[in-house]
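Sequence lines set the chain letters: A, B, ... in the order given, protein chains first and strands last, and positions in each chain run from 1. Heavy atoms only: backbone and side chains are in, while hydrogens, waters and symmetry mates are out.
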2 protein chains.
Amino acid sequence: MVSTLADVAEAAGVHPGTASKALNPESRHLVAAETVKRVLEIATKMNYQPNSLARGLRTKRSYTVGFMVPDLINPLFPPIVRGVEAVLGPAGLSALIVNTDNDPKREMQLFDTLVNRRCDGFILATAFRNDPVVKEIVKRKIPAVLVNRLTETQLLPAVVGDEAIEVREAIDHLVKLGHRRIAHVAGPQNLSTGYIRLRAFKEVINAVGLAEADCPTVVSTGYNESAGMDAIAKLLARPGPRPTAILAANDQLAIGVIDGLKAAGLDCPRDISVIGFNDIPMMDRVHPTLTTFALPKHQMGVEAAEILRAWIEGDAAPEPKIVYLRCPLVIRESTGPAPTN
Amino acid sequence: MVSTLADVAEAAGVHPGTASKALNPESRHLVAAETVKRVLEIATKMNYQPNSLARGLRTKRSYTVGFMVPDLINPLFPPIVRGVEAVLGPAGLSALIVNTDNDPKREMQLFDTLVNRRCDGFILATAFRNDPVVKEIVKRKIPAVLVNRLTETQLLPAVVGDEAIEVREAIDHLVKLGHRRIAHVAGPQNLSTGYIRLRAFKEVINAVGLAEADCPTVVSTGYNESAGMDAIAKLLARPGPRPTAILAANDQLAIGVIDGLKAAGLDCPRDISVIGFNDIPMMDRVHPTLTTFALPKHQMGVEAAEILRAWIEGDAAPEPKIVYLRCPLVIRESTGPAPTN
DNA sequence: CTGAAAGCGCTAACAT
DNA sequence: ATGTTAGCGCTTTCAG
């Protein structure tokens, strides 16, 4: 049923070692063209498929990469996965995808199981700003690339959105619409995406000359709708005039914010404009449709996988450079002119 | 750095074979309790992790299952994946997920690569009613389970929604709202989900005594929004009174239908009610929110994985039974009373 | 250019 | 109860 290299070699009348060389593109040149042809023919005729476990045992490679994501149900990640697989597949690599649910303990456990499987490398969409798994990977010198999230000190190559610029563009957009009281619903501060956007927000608010007191920030407990609702409730409970625009740290928070506004009898965008981040699927269909930054998710996966592939196939570790991807602002219904009263 | 079984055995002063038996729960009873304890202690102290490639080469297992999905970006699938992994992980199995894009050629290629990796079994969310990969799997006697889609002749165990009942409930719901002209936007007929729902639709229309002429059907080219738009355009172009309700074969088609209605100057639900299938994420947030059937996606994954796990760990192939999962109708804004004029 | 031989790390039959 | 041995299927030195 399943033919082995030895079967092929025997049928071709050569030694298994020779057959191996003939079959392997890199070593093919060591074998007579004639012999290569014969072996190749017989191999295809016998439908020979190398046993990748045997090969991996010998070569100390598994032709497998571990891909850790927080949660595949978050629509941000599947497009990244597709981008990664578009590169990995043709390179003969398969991804082992695991979901960490942003739980550091679970993350470390899953990392261990992936290490047992001798993954040739890792792609991490799960990095905390201070991430034990990343440190462990670096210590063990395993090839790995970060996507979407950075660590505080840049230990590994990474591909992320250009968040500082996005925050700037978001605030410019709102200011142009007449907004002067802009609040920020920040993401968790142990994630770079939460931290960097908050920092950029404060900087830009100062840079464009808005009053800090008019531009409050609140840190949410997670990147989900209910955290967004909680955050907007807090914001609305503050004394003084309420903000006329909210920059949420991602789309799920933005949706939660809009829910919260509705619950408080406010309308988006009439009373308060809302901006999100990432442009996950369906944001053009929710009500109101959401103004947000279109993270090039597929490309992000492609570029990260490309860096990893080169690292695995080459020998030298690359510089831990950060690739910043530009994300166009997609203006939809959720942002409008500041209320005039 | 990475310690092997031989290292552990040496440190424990026993033979590798003995260490193997001590470490393996099934063979542990062959070793003196004393020795087991010592080996275990040393193994944990040395942070020993068995090389699964070596083990797999020996045992002819990869502790890996191939999971073929049409497209992870379709929000129907990630929750199923999570359900599958919830069972597989604790059983020491990892899933290799591939996206086929409903392309039979790609499907067969990817299947080949997964076979090379010596997957212990397969979960297929990709089955066509007549599916060469399924036939190949059966021929090779590889453990495998279908999810969400069936093949025409039931060759493998499967876990699916109870579609016939759902169609019945959908039409009951619409009839109760006063609808008498109900159309069906069917899915592709080479998929069980398209075929079964269409057949059930026709049967139920007759059973409840609606006029066939008033209840037209149109088969769409794919399970996506633009196919839904095309389908509704065709339906509206027909002569005679237009339907007052549409049963779409899934949520994406339903959304496309609603888009098409909008484009034609019609309002959902005022002029035409729409029902979808599956209740993918965000259907409670699109406009109008969609009435649909809540497929228990996570549970579907769990049950399929459970069947597969038992098959892989046991020895006998199970009966190719179908597990039908009940899907509650979630009534939202997209269905309302039939227009009275 | 091809053959021979060793060995990756593990398990399982067999021997002690 | 433990040790011995062989071998899963492949790649890769090293000889010839």
Visitor: At what distance, to the nearest 0.5 angstrom, does CD of A:Gln154 lie from NZ of A:Lys321?
Guide: 12.0 Å
Visitor: Go through C:dG9, D:dA1, C:dT11 for me and flag the one nearest to the B:Ser20 side chain.
Guide: C:dT11
Visitor: Could you walk me through whether B:Val160 and B:Ile322 pass side-chain contact (heavy atoms from CB on, under 4.5 Å), step by step?
Guide: CA-CA 7 Å; B:Val160 296; B:Ile322 304 176; 3.8 Å; yes
Visitor: Name the closest nucleotide to the A:Leu57 side chain, picking from C:dG3, C:dT2, D:dG9.
Guide: D:dG9
Visitor: Could you state the atom-to-atom distance from CD of A:Gln49 to C1' of D:dC10 in whole Å?
Guide: 15 Å
Visitor: Can you find an N or O donor on one side and an acceptor on the other, under 3.5 Å apart, linking the side chain of B:Lys21 with the base of D:dG3?
Guide: yes
Visitor: With no hydrogens and no angle check, do the side chains of A:Thr193 and A:Tyr223 hold a donor and an acceptor under 3.5 Å apart?
Guide: yes
Visitor: In whole Å, what is the span from the CG atom of A:Leu5 to the P atom of D:dC8?
Guide: 13 Å
Visitor: Whole angstrom is fine here: how far is it from NZ in A:Lys37 over to P in C:dC1?
Guide: 16 Å
Visitor: Specify the residue among B:Leu53 and B:Thr18 whose closest nucleotide of DNA chain C lies further upstream toward the 5′ end.
Guide: B:Leu53
Visitor: In terms of side-chain heavy atoms of A:His15, which of C:dT2, D:dC8, C:dA4 is nearest?
Guide: C:dA4
Visitor: Is the shortest side-chain N to carboxylate O distance from B:Arg149 to B:Asp131 below 4.0 Å?
Guide: no
Visitor: Go through D:dC10, D:dT12, C:dT11 for me and flag the one nearest to the B:Asn24 side chain.
Guide: C:dT11
Visitor: Roughly how many Å is it from CG in A:Asn51 to P in C:dC8, rounded to a whole number?
Guide: 18 Å
Visitor: Between A:Arg58 and B:Ala33, who's closer to the 5' end of DNA chain D by nearest nucleotide?
Guide: B:Ala33
Visitor: Of all the nucleotides listed (D:dT11, D:dC8, D:dT2), which has the minimum atom distance to the side chain of B:Leu30?
Guide: D:dT2
Visitor: Show your working on side-chain contact (heavy atoms from CB on, under 4.5 Å) between B:Arg118 and B:Arg61 and close with a plain yes or no.
Guide: CA-CA 7 Å; B:Arg118 303 300 188 269; B:Arg61 288 194 48 192; over 6 Å; no
Visitor: Look at all strands and tell whether B:Thr35 reaches a base, only sugar-phosphate, or nothing, counting heavy atoms closer than 4.0 Å.
Guide: sugar-phosphate
Visitor: Once you round it to whole Å, what is the distance between P of D:dT13 and CD of A:Glu26?
Guide: 13 Å
Visitor: OP1 or OP2 of C:dG9 sitting under 4.0 Å from any side-chain N/O of A:Lys60?
Guide: yes
Visitor: Provide, to the nearest angstrom, the distance between the CZ atom belonging to B:Arg61 and the P atom belonging to C:dA12.
Guide: 11 Å
Visitor: Please report the distance, rounded to the nearest Å, between CD in B:Glu10 and P in C:dG9.
Guide: 14 Å
Visitor: Does the side chain of A:Arg55 get closer than 4.0 angstrom to OP1 or OP2 of D:dT11 through an N or O atom?
Guide: yes
Visitor: Mind calculating the distance between CZ (B:Arg28) and P (D:dA1) to the nearest angstrom?
Guide: 15 Å
Visitor: Taking only the side-chain nitrogens and oxygens of B:Tyr48, find out if one of them lies under 4.0 Å from OP1 or OP2 of C:dC10.
Guide: yes
